[in-house]
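Chain letters run A, B, ... following the sequence lines, proteins first, then strands; residues in each count from 1.
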Amino acid sequence: MNREQELTHLFRQEGLTPAVADLFRRIVYDWYVPQRRELPWRETFDPYAILVSEIMLQQTQVERVREKYATFLAEFPDLRALAAAPLERVLAAWQGLGYNRRAVNLKRCAEAVVASLGGEVPADPNELVRLPGIGTYTSRAVVVFAFNTPLPFIETNIRSVYIHHFFADQSGIHDRDLMPLIEQTLDRDNPREWYYALMDYGSHLKRLHGNPSRRSSHHTRQTPFKGSNREVRSRILRAVLENPGISRDALEKAVGASSEIVGKNLEQLAAEGFIVSRGPGYRIL
DNA sequence: ATCCGGTTTA
DNA sequence: TAAACCGGAT
């Protein structure tokens with residue numbers, strides 16, 4: 001019986017005892033130590049840089065973030081720089097990452113921290129989660145990675161690890177059943193490194209075992225991008241970014257959608273703080 | 001053509 | 001709970 005089978009067996013026999021937790025951590029760390037991914041945001045403890053990386057990593061693969069992270073930080077090296085920057089520059093730096101409202105929210109975070117939190121990223125997840133675009137995952141991940149604080153949290157790679165080892169032949173698994181296991185197996189001596197290990201190992205398991213996270217009750221499939229409103233929206237934003245002051249007519253031509261569709265999206269983008277109508281045309285707020 | 005993923009709003 | 005939100009890799 002190999003170590004993984006032993007883990008499954010022991011877990012079924014006695015539940016998540018300290019011995020089972022130890023064996024589990026050993027399996028994860030033994031895989032991780034020689035395989036550790038070198039990622040730029042793992043080389044800093046700057047809470048701002050870590051916040052930037054976590055926002056970028058929402059819904060976005062590591063390889064796509066890697067380069068943008070460096071150029072973004074070069075242009076906006078700290079919270080105050082980002083807070084003071086024109087939104088137009090921030091959105092331009094964001095192009096290629098997708099989900100542009102993350103960039104708007106990130107800038108708003110910077111403004112809020114500078115305006116009312118003394119310019120320091122809070123070390124308390126309950127403070128962080130009040131900021132725009134920061135939910136339960138990001139608030140805890142930032143605190144764990146920036147301050148090495150032992151807090152339980154879950155995202156897709158972590159989910160894969162726990163489903164693979166503790167729910168091997170089940171599906172429809174809810175996060176509420178995973179969180180206690182995450183809590184009880186947390187390496188309290190070095191939570192930052194432990195979560196790196198979980199994430200790298202989980203990413204590996206997906207390639208090896210066909211994404212165990214699909215067996216989560218939280219797994220969803222995105223509708224096609226082609227022909228979607230998301231596509232129209234991104235084209236509008238890009239057109240305004242590239243042609244400040246663009247007229248409504250030119251915008252409709254550039255986007256290739258009906259006047260009704262463009263108008264509806266323009267309203268939404270304005271309501272979300274992306275775009276303003278000024279003079280004859282449209283520009284970034 | 002299909003796959004991947006946190007947060008917010010309804 | 002469901003639906004909306006992006007772009008690049010495969």
Side-chain angles (χ1 to χ4, degrees), chain A residues 41 50-69 71-72 90-109 112 125-126 128-145 152-161 163 172 174-176 178-179 195 198-200 202-241 255 257 261 264-275:
Chain A
W41 45 90
I50 288 167
L51 174 61
V52 169
S53 75
E54 287 299 337
I55 300 296
M56 288 185 170
L57 287 161
Q58 292 171 0
Q59 308 295 100
T60 309
Q61 284 88 354
V62 163
E63 287 314 316
R64 221 143 42 87
V65 168
R66 207 190 272 270
E67 193 172 330
K68 296 288 177 183
Y69 172 81
T71 56
F72 191 93
V90 179
L91 285 170
W94 201 265
Q95 291 311 291
L97 283 170
Y99 292 112
N100 294 292
R101 58 182 172 208
R102 291 181 297 168
V104 176
N105 284 333
L106 181 56
K107 178 168 159 50
R108 291 204 180 123
C109 278
N126 298 317
L128 274 168
V129 78
R130 302 156 56 106
L131 297 169
I134 299 187
T136 54
Y137 162 73
T138 306
S139 63
R140 292 175 183 213
V142 166
V143 171
V144 167
F145 294 136
F153 68 84
I154 191 166
E155 49 74 77
T156 183
N157 293 314
I158 299 168
R159 195 175 280 130
S160 291
V161 177
I163 287 177
H174 199 282
D175 283 352
R176 78 170 76 92
L178 267 18
M179 289 305 289
Y195 278 108
L198 279 176
M199 288 167 155
D200 288 2
S203 166
H204 159 74
L205 288 178
K206 281 181 179 170
R207 295 192 298 272
L208 201 67
H209 295 287
N211 199 354
S213 279
R214 283 186 197 166
R215 293 190 278 112
S216 164
S217 66
H218 304 275
H219 180 77
T220 56
R221 246 196 71 188
Q222 181 62 268
T223 54
F225 179 66
K226 208 85 193 113
S228 70
N229 195 62
R230 303 199 307 283
E231 184 178 26
V232 172
R233 201 176 135 103
S234 74
R235 298 239 277 253
I236 291 174
L237 186 68
R238 203 176 280 265
V240 175
L241 223 34
V255 169
I261 299 282
K264 180 192 72 172
N265 278 285
L266 237 20
E267 274 182 40
Q268 285 177 356
L269 286 165
E272 291 174 54
F274 282 95
I275 284 176

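- Under the rule for a side chain to side chain donor-acceptor pair (under 3.5 Å), the partners of A:Arg230 that lie at least two apart in sequence or sit in another chain are A:Gln222, A:Thr223.
- For A:Glu67, the CD atom sits in a loose shell: 12 or fewer heavy atoms of surrounding residues, nucleotides or ligands are nearer than 6.0 Å.
- Residues satisfying the side chain to side chain donor-acceptor pair (under 3.5 Å) criterion with A:Arg159, sequence neighbours excluded, are A:Asp175.
- Between the side chains of A:Lys68 and A:Thr60, no donor-acceptor pair is found at a separation under 3.5 Å.
- Using a distance-only test at 3.5 Å, with no hydrogens or angles considered, no donor-acceptor pair links the side chain of A:Glu54 to the main chain of A:Ile50.
- The residue A:Asn100 sits close only to the backbone: its heavy atoms come under 4.0 Å of sugar-phosphate atoms, none of a base.
- Remark: A:Asn105 pairs with no residue by the side chain to side chain donor-acceptor pair (under 3.5 Å) rule, at least two apart or across chains.
- Atom P of nucleotide B:dC4 and atom OH of A:Tyr99 are separated by 14 Å, given to the nearest angstrom.
- Against DNA chain B, the stretch residues 220-239 of chain A makes heavy-atom approaches under 4.0 Å through A:Arg221, A:Gln222.
- In this structure, A:Arg101 places its CZ atom 8 Å from C1' of B:dT7, rounding to the nearest Å.
- Here A:Asn211 reaches the OP1 or OP2 of B:dC4: one of its side-chain N or O atoms lies under 4.0 Å away.
- One interatomic measurement links the two molecules: CD of A:Gln58 to P of B:dC4, which rounds to 19 Å at whole-angstrom precision.
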Does A:Arg101 form a side chain to side chain contact (heavy atoms under 4.5 Å, CB included) with A:Phe274? I'd like the steps, not just the answer.
CA-CA 8 Å; A:Arg101 58 182 172 208; A:Phe274 282 95; 3.5 Å; yes
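- Within residues 129-143 of chain A, no residue has any heavy atom under 4.0 Å from DNA chain C.
- The side-chain heavy atoms of A:Thr138 and A:Gln58, taken from C-beta on, include a pair separated by under 4.5 Å.
- Distance CZ (A:Arg102) to P (B:dT8): 13 Å, rounded to an integer number of Å.
- The distance between atom CG of A:Leu57 and atom C1' of B:dT7, rounded to the nearest whole Å, is 15 Å.
- Counting 5' to 3', DNA chain C first comes under 4.0 angstrom of a heavy atom of chain A and last does so at the ends given by C:dA4 to C:dG8.
- Within 4.0 Å (heavy atoms only), A:Glu272 reaches no atom of the nucleic acid at all.
- Ring geometry, A:Trp94 versus A:Phe72: the interplanar angle exceeds 60°, so the pair is classed perpendicular (tilted spans 30 to 60°).
- Side-chain N/O atoms of A:Arg214 include none lying less than 4.0 angstrom from OP1 or OP2 on B:dC3.
- Taking the side chain as every heavy atom from C-beta outward, A:Leu198 and A:Asn157 never approach each other to under 4.5 Å.
- In this structure, the separation between CD1 on A:Ile275 and CG on A:Leu266 is 5.5 Å, given to the nearest 0.5 Å.
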